[in-house]
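Accompanying notes for the structure given below.
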Amino acid sequence: MKKFMMLLAMAAMTISALADEGMWIPMLLGRNEADMQKAGMRISAKDIYDINNACLKDAIILFNQGCTGEYVSDEGLFLTNHHCGYSYITSHSTVAHDYLTNGFWAMNRNEELPCPGLTATRLVRMEDVTAQVLEGVTANTSESERAAIIEQNIGKITTEAVKGTHYKAIIKPFYYGNQYFMYVNEVFTDVRLVGAPPSNIGKFGGDTDNWMWPRHTGDFSMFRVYADKDNKPAPYSTDNKPYKPLKHLEISLDGVKEGDFTFVFGYPGTTQRYITSDAVELAANIENPIRIDLRTIRLTHYKNAMEQSPAQRLKYASRVASIANGWKKWQGETQGINRLKGVEKKKDFEAKFQQWATGKPQYYNVLPQLKDAYNTLRPVEVELTYFNEAVMASDFMNRTLSMWRLADMDDNDKIVAAVNKMKNDNEKYFSDFEQHTVVDRAIFIETFVYMWQAGYAPYLGETTLSKSAIEKKLGKIYDESVLNNKTKLQKLLDKYTAKDSKNIKKDPAVALFDQAYNLAYDPQKLAAYRKASQDIQRLMRSYVKGMMEMQPDVNFFPDANLTLRVAYGHVEGFRPKDGVYYKPYSTLQGIMEKENPDIYDYVVEPRLKELYNTKDYGRYGTADKDMPVGFIATNHTTGGNSGSPVLNADGQLIGLNFDRCWEGTMSDLLFDPDYCRNICLDIRYCLFVIDKFAGAKHLVDEMTLVGGKQ
Ligand code: ARG
Ligand code: ASP
């Protein structure tokens with residue numbers, strides 16, 4: 001342990017060998033300060049994170065458990081992405097009041113819309129608690145004992161840390177459990193929707209442009225946090241007042257140019273920077289292709305349905321967005337890994353590590369053992385992938401899962417709750433049954449057939465059988481299951497008791513699900529899988545520790561784990577392929593170039609065109625009468641960084657992070673400064689849309705703008 005701490009301290013003196021790669025811990029940013037300042041930053045690490053004074057971190061929000069937001073007014077107003085606020089915008093939308101399509105702007109505080117379930121979390125402080133968490137753990141402690149001790153210690157430490165306060169504490173492992181940090185948080189629960197642009201701005205380019213540059217999406221939405229009279233978190237109440245944050249961001253209208261220093265401050269979710277060649281191969285060349293194919297099936301059917309009517313478009317919009325998001329990213333990731341020769345590069349490094357580990361008993365067996373663990377893990381992992389992406393692809397099988405669970409319940413209260421939930425779900429399901437079953441039935445059949453053809457659904461029959469026979473069989477299951485018969489299902493649920501469980505187990509859908517489940521979750525296989533996963537965790541702990549000892553002058557950043565991080569780099573274009581250079585910014589002109597009234601994703605609002613034609617950009621346009629829309633930079637980001645502020649050398653807000661360039665999506669596994677770019681919305685376009693386009697200037701007036709032409 002001591003040795004590890006020394007390594008970390010040594011890393012503090014030398015500085016990162018890898019240009020632009022890294023998601024750094026705010027509390028330890030002092031280690032990067034010199035490097036950041038050399039790169040152009042004019043503020044100090046303390047301006048970013050400081051527990052004694054209000055600092056930039058007080059303006060940052062964890063938006064639910066998956067996006068980032070930032071305060072831009074002293075009255076709790078914050079910005080995040082449109083795609084982060086998406087489900088809240090959708091949930092307030094109906095065909096009559098279609099905020100998703102037309103946009104929504106609260107013209108006064110009373111019009112702001114409550115969003116039950118939405119949380120906005122502020123980090124109060126963080127602390128290195130490694131020594132306390134590992135107290136009682138020795139070199140001889142077994143893995144399961146270690147886990148138990150750690151859990152117990154964490155319970156004690158977190159309880160103690162928040163005693164007598166309204167704060168919540170969590171502790172997370174870093175470097176695979178070589179280090180632990182505690183986060184003390186303040187969680188706000190009265191969060192209201194304030195504004196969102198129409199979809200053809202907030203989602204301009206849709207899934208076609210998603211993960212791509214050049215980009216023209218106005219990907220932002222606005223919310224406001226409300227607090228009680230003491231400025232503390234409180235459940236929704238009309239008595240609550242706008243929250244007064246300790247800090248809100250200044251907004252710079254000066255924009256950016258190529259080469260400018262930028263940093264992103266937010267909550268990256270997951271990266272796997274240190275995994276072995278086997279793990280990269282599994283993700284990029286085994287799992288991704290399966291997932292991509294299966295999602296193609298789902299997307300084809302949903303997209304066809306969405307073309308049919310506005311109601312269908314609204315119905316499937318959100319799920320298509322999320323299915324398509326992973327689908328497209330994995331394609332870029334796999335291509336990126338292979339272009340980079342990622343697997344080979346890892347193998348080269350592993351060979352060097354192995355050489356270095358010679359004569360070091362604590363490291364010598366790590367890589368061979370990791371290989372063994374992956375050999376055990378791989379086949380089960382593939383089966384689980386099929387289960388998640390094929391078996392669970394249809395609503396039909398998801399509804400079957402509830403029924404299958406019901407069949408196993410004997411506790412009366414649980415049965416009543418489950419039955420009620422199913423009745424509720426059914427009401428929604430059957431309200432659009434005719435249209436929806438066409439889509440859902442096709443998805444059910446095609447995904448199962450795909451899995452069967454690959455040999456992963458042996459219970460449907462030999463792969464030598466005819467495809468049409470299997471399709472017929474599946475069609476019959478769909479049509480004959482009680483789940484698709486409204487009257488029968490209602491009757492069954494109305495008088496359901498534990499005694500009926502035998503009957504539902506006979507239902508063809510429940511029987512099919514049971515077979516699929518038992519194959520993927522076979523207890524013996526699963527036990528081996530769990531053991532392999534645990535081994536991997538333990539071995540990775542040693543591997544990463546070894547890497548640090550082997551390269552004492554490299555500053556290793558810890559993998560993302562949905563804790564607050566700083567990534568820094570420069571505004572910079574790139575060459576996606578031979579003969580092509582991408583400039584680092586886009587403008588409103590590009591929106592006009594992409595305009596196509598016949599393609600939903602490329603419709604341009606008349607009002608936006610009008611502003612473009614008259615060049616009426618107010619103080620948000622550039623000196624040469626351009627309206628900037630987006631820019632790219634070399635900041636290392638990942639899912640969860642969406643909505644994160646992009647800040648300039650003075651720590652002022654210049655943009656909102658919302659995506660990455662397709663050619664660089666392998667950055668979760670391997671970062672390549674030539675290809676990896678984060679995509680940002682230029683804050684000037686955001687303000688222009690609020691003020692000039694939507695006429696919601698009162699919201700801009702709450703903010704603190706600096707620079708630009710006055
Ligand atoms: N690719 C971005 C991210 O991973 C944006 C996703 C939302 N947009 C979309 N068109 N589906 O979250
Ligand atoms: N779009 C992602 C998000 O929602 C960001 C990324 O993956 O780069 O967090």
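Note that this is a predicted model, so its numbers are computed, not measured. When a ligand or atom number is given, it counts from 1 through the structure's own listing order.
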Discussion item. I'd like to know if Y86 contacts ligand 1, where contact means a heavy-atom distance under 4.0 Å to any ligand atom.
Written reply: no
Discussion item. Just to check, does A324 reach to within less than 4.0 Å of ligand 1 when the distance is taken from its heavy atoms?
Written reply: no
How far is [atom] from its nearest protein heavy atom, and which residue and atom name does that atom have?
atom                    : answer
atom 2 (C) of ligand 1  : D659 OD1, 3.1 Å
atom 5 (C) of ligand 1  : N210 OD1, 3.4 Å
atom 7 (O) of ligand 2  : R660 NH2, 2.9 Å
atom 12 (O) of ligand 1 : H83 NE2, 3.2 Å
atom 5 (C) of ligand 2  : S642 OG, 3.3 Å

[X] heavy atoms, cut-off 4.0 Å: which ligand 1 atoms fall inside?
X    : value
K203 : 10 (N)
A321 : 11 (N)
G206 : 10 (N)

Item to complete: Begin with the C-alpha distance, continue with both residues' side-chain angles, and end with the deciding distance and a verdict on salt bridge (charged side-chain N to carboxylate O under 4.0 Å, His left out) for K303 and D207.
Response: CA-CA 11 Å; K303 282 183 181 163; D207 287 314; 5.5 Å; no
Discussion item. Against ligand 2, does K329 come closer than 4.0 Å with any heavy atom?
Written reply: no
Worksheet item: Out of curiosity, is F63 lining ligand 2, as in a heavy atom under 4.0 Å away?
Response: no
Practice prompt. Out of T208, N325, D207, indicate the one that has the non-hydrogen atom closest to atom 9 (C) of ligand 1.
Written response: D207
Item to complete: Using the six-membered ring wherever Trp is involved, compare the ring planes of F261 and Y568 and label them parallel, tilted or perpendicular (cut-offs 30° and 60°).
Response: tilted
Worksheet item: Should the pair R295 and W327 be classed as cation-pi, given the thresholds of under 6.0 Å to the six-membered ring centre and 45° from the axis?
Response: no
Discussion item. SG to SG below 2.5 angstrom is the rule I want applied to C67 and C84. Does it hold?
Written reply: yes
Worksheet item: Do other residues, nucleotides or ligands put more than 12 heavy atoms under 6.0 Å from the NZ atom of K345?
Response: yes
